[in-house]
Amino acid sequence: MIVTPDDKLPDVLKIEPRVFGDSRGFFFEVFQQERYSSSGLSQAFVQDNVSRSSRGTLRGLHFQLVRPQAKLIQVIRGEIFDVAVDVRKSSPTFGQWTGYRLSDVNHHQLYIPAGFAHGFCVISETADVLYKCTDYYFPQHERCLLWNDPAVGIAWPLEDFPILSAKDQQGQTLANLESFD
Ligand SMILES: Cc1cn([C@H]2C[C@H](O)[C@@H](COP(=O)(O)OP(=O)(O)O[C@H]3O[C@H](C)C(=O)[C@H](O)[C@H]3O)O2)c(=O)[nH]c1=O
């Protein structure tokens, strides 16, 4: 397993699991407590989520202001562009973003700590995303950063305007967002 801190946001980790391929296909351990804990993911995961989205869908960018969640993102089918934005006002990288292509071909994972907003757009026809969270879902604590806030300037690989939930259409700009001190 190779763990690489992001160049701009070093708390965000790209994880490349060891994949065993053979004539039948492939096998890899999606998560293993001892190995991931020794790689810096020591907080326990308490909830696993799965979402399926069609091409051009953009989900996010979300975070919980209270009971913040760290997330371990993995694509089980298809390909997404996965993005983390630092929303910690006191951070020297506040408002900065990073993005990775995660797919069922590269099997890469992204670890996004608490303090970051998370979102993704779907590049393939369909994408099934599995992600582990270090705290439970509290909708009342969820906040949404506007996906196309020019102050953040995320370069989404989208051909057209994305498919967005009503909630995500009304995301807050970074300037107006309730975020972490
Ligand atoms: C997140 C979540 C949602 N739900 C229910 C609430 C809604 O009735 C339905 C869809 O929720 P939502 O539209 O918020 O789902 P996404 O837009 O995929 O939200 C997620 O997208 C971005 C990328 C994230 O990183 C977050 O984990 C999460 O906010 O699932 C639950 O029951 N439990 C949950 O943990």
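Order of listing sets the numbers, starting from 1, for every ligand and every atom in it. Quick caveat, the model's predicted, so the values are computed rather than measured.
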Establish, yes or no, whether a centroid distance under 6.0 Å links the rings of [X] and [Y].
{"X": "W156", "Y": "F161", "result": "no"}
{"X": "H108", "Y": "Y100", "result": "no"}
{"X": "F180", "Y": "F63", "result": "yes"}

Can you sort out which atoms of ligand 1 are near [X], meaning under 4.0 Å from one of its heavy atoms?
{"X": "H118", "result": "23 (C), 24 (C), 25 (O)"}
{"X": "E142", "result": "29 (O)"}
{"X": "K167", "result": "12 (P), 14 (O)"}
{"X": "K71", "result": "24 (C), 25 (O), 26 (C), 27 (O)"}

Main-chain N/O of F94 paired to K89 side chain as donor or acceptor, under 3.5 Å: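 A pair under 3.5 Å: no.
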
Donor-acceptor contact present, side-chain N106 to main-chain R101, <3.5 Å: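 Yes: the side chain of N106 pairs with the backbone of R101.
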
Closer than 4.0 Å: a protein non-hydrogen atom to atom 30 (O) of ligand 1: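 False for atom 30 (O) of ligand 1.
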
Heavy atom of protein inside 4.0 Å of atom 9 (C) of ligand 1, strictly below: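 Given the 4.0 Å cut-off, atom 9 (C) of ligand 1 does not count as touching protein heavy atoms.
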
Under 3.5 Å: N/O of Q47 near N/O of ligand 1: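 Min N/O separation from ligand 1 is below 3.5 Å for Q47.
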
Backbone or side-chain N or O of D168 under 3.5 Å from ligand 1 N or O: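 Min N/O separation from ligand 1 is not below 3.5 Å for D168.
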
Shortest non-hydrogen separation from I123 to F81 and the atoms involved: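 Distance-wise, the nearest heavy atoms are CD1-N, 3.7 Å.
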
Carboxylate-amine/guanidinium contact R88 D11, below 4.0 Å: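 Yes.
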
Part of N49 with heavy atoms under 4.0 Å of ligand 1, whether side chain, backbone, both or neither: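 Near ligand 1, N49 shows its side chain, while the N, CA, C and O stay back.
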
Region of Q69 engaging ligand 1 - heavy atom pairs below 4.0 Å: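 The answer is neither.
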
Top protein contact for [atom], by heavy-atom distance:
{"atom": "atom 18 (O) of ligand 1", "value": "R59 NH1, 2.8 Å"}
{"atom": "atom 19 (O) of ligand 1", "value": "H62 ND1, 3.3 Å"}
{"atom": "atom 3 (C) of ligand 1", "value": "Y137 CZ, 3.6 Å"}
{"atom": "atom 20 (C) of ligand 1", "value": "Y131 OH, 3.3 Å"}

Flag if over 12 foreign heavy atoms under 6.0 Å of CD, E159: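 Open: at most 12 neighbouring heavy atoms sit under 6.0 Å from CD of E159.
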
Passing option when Y36 is tested against Q109, K132, Q43 for side-chain hydrogen bond (donor to acceptor under 3.5 Å, both in side chains):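 Checked Q109, K132, Q43 against Y36; only one passes side-chain hydrogen bond (donor to acceptor under 3.5 Å, both in side chains): Q109.
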
